[in-house]
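Residue numbering restarts at 1 for every chain, and letters A, B, ... go by the order of the sequence lines. Note that the coordinates shown come from a computational prediction; the quantities given were computed from them, not determined experimentally.
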4 protein chains.
Amino acid sequence: MGRPRDAGVERRALDAAARVLADHGHGALTVDAVAARTGIAKTTLYRRWPTRAHLLATVAHAALAPPSTGATDDLAADLRGALGTLATALGRASHAGLLAEVVAASAHHPDLRAALHALGEVRRAATRDRLARAVADGRLAPGTDVELVLDQLLGPVYLHVLVVGDTPTPDYVRRLVDAVLAGAGHPGGARSGRGGSGRGDVGHEDSGRGSSGRGLHSDGPAGTPPADTTSEGSP
Amino acid sequence: MGRPRDAGVERRALDAAARVLADHGHGALTVDAVAARTGIAKTTLYRRWPTRAHLLATVAHAALAPPSTGATDDLAADLRGALGTLATALGRASHAGLLAEVVAASAHHPDLRAALHALGEVRRAATRDRLARAVADGRLAPGTDVELVLDQLLGPVYLHVLVVGDTPTPDYVRRLVDAVLAGAGHPGGARSGRGGSGRGDVGHEDSGRGSSGRGLHSDGPAGTPPADTTSEGSP
Amino acid sequence: MGRPRDAGVERRALDAAARVLADHGHGALTVDAVAARTGIAKTTLYRRWPTRAHLLATVAHAALAPPSTGATDDLAADLRGALGTLATALGRASHAGLLAEVVAASAHHPDLRAALHALGEVRRAATRDRLARAVADGRLAPGTDVELVLDQLLGPVYLHVLVVGDTPTPDYVRRLVDAVLAGAGHPGGARSGRGGSGRGDVGHEDSGRGSSGRGLHSDGPAGTPPADTTSEGSP
Amino acid sequence: MGRPRDAGVERRALDAAARVLADHGHGALTVDAVAARTGIAKTTLYRRWPTRAHLLATVAHAALAPPSTGATDDLAADLRGALGTLATALGRASHAGLLAEVVAASAHHPDLRAALHALGEVRRAATRDRLARAVADGRLAPGTDVELVLDQLLGPVYLHVLVVGDTPTPDYVRRLVDAVLAGAGHPGGARSGRGGSGRGDVGHEDSGRGSSGRGLHSDGPAGTPPADTTSEGSP
DNA sequence: AATTAAGCGAGACGGTACGTCGCGTCTTAAG
DNA sequence: CTTAAGACGCGACGTACCGTCTCGCTTAATT
């Protein structure tokens, strides 16, 4: 019963948050600031996001959502494109810091791990699919551990952006992609391989789709509470 | 001129900070807390560290300082050891958050970038030397880009610890090292990665379905903590 | 709108402040102290009083609020009573210092001037009325400048308490009242002042001679510190 | 033995202090500030003045030292001149605040009472002499209590400058002098003002009654001024 | 239609830490 | 024994956000 939630709240809040983030950095992205700019009451904000960190996670999710990268036939080029946009997105100082804050907060708020995971997946999914296709096409060795390749590709980018403090250059990205592909048995630039085994270890079907950002909100409009993230035994 | 600085201040502060960190997490690692515990005046602390974040950076540096890793003749084993200890060190929940906080703060305090860089180098230097020796020995291809290899090795570890939210398992580390060495032309590196265990993709059990946030560890059913998180030995 | 202010906050704060003032002097009358004693959050206190000085002003106002002085038919006696209680109130060391602090702060916070003005009026109003009545009754000359008379009466009291550093004695008050009334054309005022006691200048134990300014410096050739001016009991 | 004191220290310190006072008010008149501006070490300053307040007292003494007022045959004119210069000197906001700070500090440092006393005497001495001469000349009634007259003259000036917060106008000074002289039996005292006191108490812009003491709080329920928290007997 | 259960804006509140300022003391080295 | 330099302990300042808590009003769905 009762009055229904105003759907506009969330949108207005995130818009304002994005603007604050862009204008003044993640340090200025406070609940009070969003409330002040939007006229939304703090109470209302806290009804959606139980914690500032949860709000940040949602903002980060929106900020890092990738533009749909068109896939071509050139695997290396596609990967370079994906890493390039990731580097660019994370390269904005405010975004890297935003991500870092969520990471830091995830120590106190275990449910943020889910959000963080989703954050990673946002960028990961498309690339995973591209790699899987390459395996199916035979351009990558059958049996290639796609997740591991993903880690080798994405890891260095995060490392540089977050820890080292520089944004990977296009040249760096190129060298990185080449090195990783070489290790994964990708035949240089030639198009050999062709047939071969279609069977890779497709066992990572968390190929995105999700990237929903769920788990950030206190409860949803129509109420599926976010999955309990603590009780989930793995065999 | 003037009264010389009391060297004990720094030592006592860092000791106390480390204890607070271990006991209550990085959120409790407060300038006030350190002052209260040590009897050092806040102003004195601020004379050394202009900001809480600077203090955190120093603490992180100390916390991540590598134990002297003995190098053997087995390159892959040495790398596995290095990554293992890094994963373990970062794996302590408090440390990952600590690092993340410093990253977040570095957006506001550009001088922290240097500290952050140093933070990365703490672990990087020894491994770099080991790789350089391998190149000199001819075990790695002559023109190998050592820094790039380092990125490929360390990046995924940071990625998992910070963003994905799990601690790399020994098995994961082994596969990673093998894959990277294979790409760098290490004789036998590619072999071992392929034949040995790669197939079933152990180490990534979070194969989708939910972005659950649960760890990626390949630990046994229920309780066993994935790796020894206290002793930093390599298997 | 919004949550209404808790009226108890103000009361509890001022109660505690008065107690601190009485127990430890105005130097100990700290925002932190009041917060600690009352359990009121510092931020809440600062919402009411934007500055420590503003709090002091309110406390001073309360401390100097006059008890309702019963007026009689004897003008001189009434004035003596009023001045006597004023002298007593200001005479408490803590109160004089309190007032002085507000005066000092009013240089930085112009809005305190209003508070200060009110502080003066607290004591002034009743006496003003009494004088006006005397004018109406014909006991004071018709055109008497009541404000000027007030200044002549109150001014010397403030002067002694604040600057000279002693508390006016009843005898001094009697002579002052007589002298001022004589000037204002009060019948018999001049008489009583003359014959009674005036002669020997009792009440002023220091007739100047030097304006040396000594006593400020730590050491000196052999200075006798000036006579103690504090012991001056009033019956 | 040892190195002799540098006499220039005191002079340089006071010069700098006076400049700080004039430029930034008494709030900025800090020991550190003086040290910084002069290059004098804090230690050295504290060797001369055991406390900031002591330094302030010395500065105040210098700031309030009267220019030698030439005495004429016109008693009233001389007094007007003396009070006028006093009002001007104290009228500078910085000076009144300075004096107030010393008064406030004198509660904690009893030795400052002497300095304070001297401060009062600076202005008092010359006027006292002038009054004494008038008594000797027979222009004031023999037996006049000179100290009391001084109090009546100076008291209102201090009262206005410190408590009321305005600077006495020349007109106010004239009326005050006339009133006091009239009370002291000065022939023609009432005359000099041409028409006596007249209606309108110019110089008092507030006849009380309003200005309740509001304006201290940020805002408030517009209630009654806080209850008297002290009990106060009248002698 | 009256009731009722939210949602919402407003803003006070308790709490914790921040980073700063000034005091007065001290330690050292230089003269 | 004085001076400059400056670190140090101490204590308070005023500020910033956090997340919680009344309020009073608005908006549907339920009685």
**Message:** Whole angstroms only, please: what is the CD-C1' distance between C:Glu10 and E:dC13?
**Reply:** 15 Å

**Request:** Check B:Val102, B:Leu14, B:Val34, B:Val20 against B:Val59 for a side-chain contact (heavy atoms from CB on, under 4.5 Å) and give me the one that passes.
**Result:** B:Leu14

**Message:** I want to know whether C:His26 and D:His108 have ring centres closer than 6.0 Å.
**Reply:** yes

**Asked** Between E:dA17 atom C1' and B:Leu55 atom CG, what is the distance in whole Å?
**Response** 14 Å

**Request:** Could you say whether B:Val9 or C:Gly2 is positioned toward the 5' end of DNA chain F, judged by the nucleotide with the nearest heavy atom to each?
**Result:** B:Val9

**Message:** Is B:Arg3 close enough to F:dC8 that one of its side-chain N or O atoms is under 4.0 Å from OP1 or OP2 there?
**Reply:** no

**Message:** If the cut-off is 4.0 Å, is B:Thr44 near the phosphate of F:dA7, judged by side-chain N/O to OP1 or OP2?
**Reply:** no

**Request:** Give the rounded distance in Å between these two atoms: NZ of A:Lys42 and C1' of E:dC13.
**Result:** 10 Å

**Request:** Take atom CZ of B:Arg48 and atom P of E:dG19, then tell me their distance rounded to the nearest Å.
**Result:** 17 Å

**Request:** Output yes when at least one side-chain N/O atom of A:Arg47 is less than 4.0 Å from OP1 or OP2 of F:dT20, else no.
**Result:** no

**Item:** Interatomic distance, C:His54 NE2 vs F:dG14 P [rounded to whole Å]
**Value:** 10 Å

**Request:** Would you tell me if any nitrogen or oxygen in the side chain of B:Arg52 comes within less than 4.0 Å of OP1 or OP2 on E:dT16?
**Result:** no

**Pairwise 5' ranking along DNA chain E for A:Thr43 and A:Pro4, keeping only the more 5' one** = A:Pro4

**Complete:** Heavy-atom nearest pair, D:Leu112 first then D:Ala105, reads CD1-CB, 3.9 Å

**Item:** Contact nearer the 5' end of DNA chain F, comparing B:Arg5 with C:Ala53
**Value:** B:Arg5

**Nucleic acid contacts - residues 25-41 of chain B versus DNA chain F, non-hydrogen atoms under 4.0 Å** = B:Gly39, B:Ile40, B:Ala41

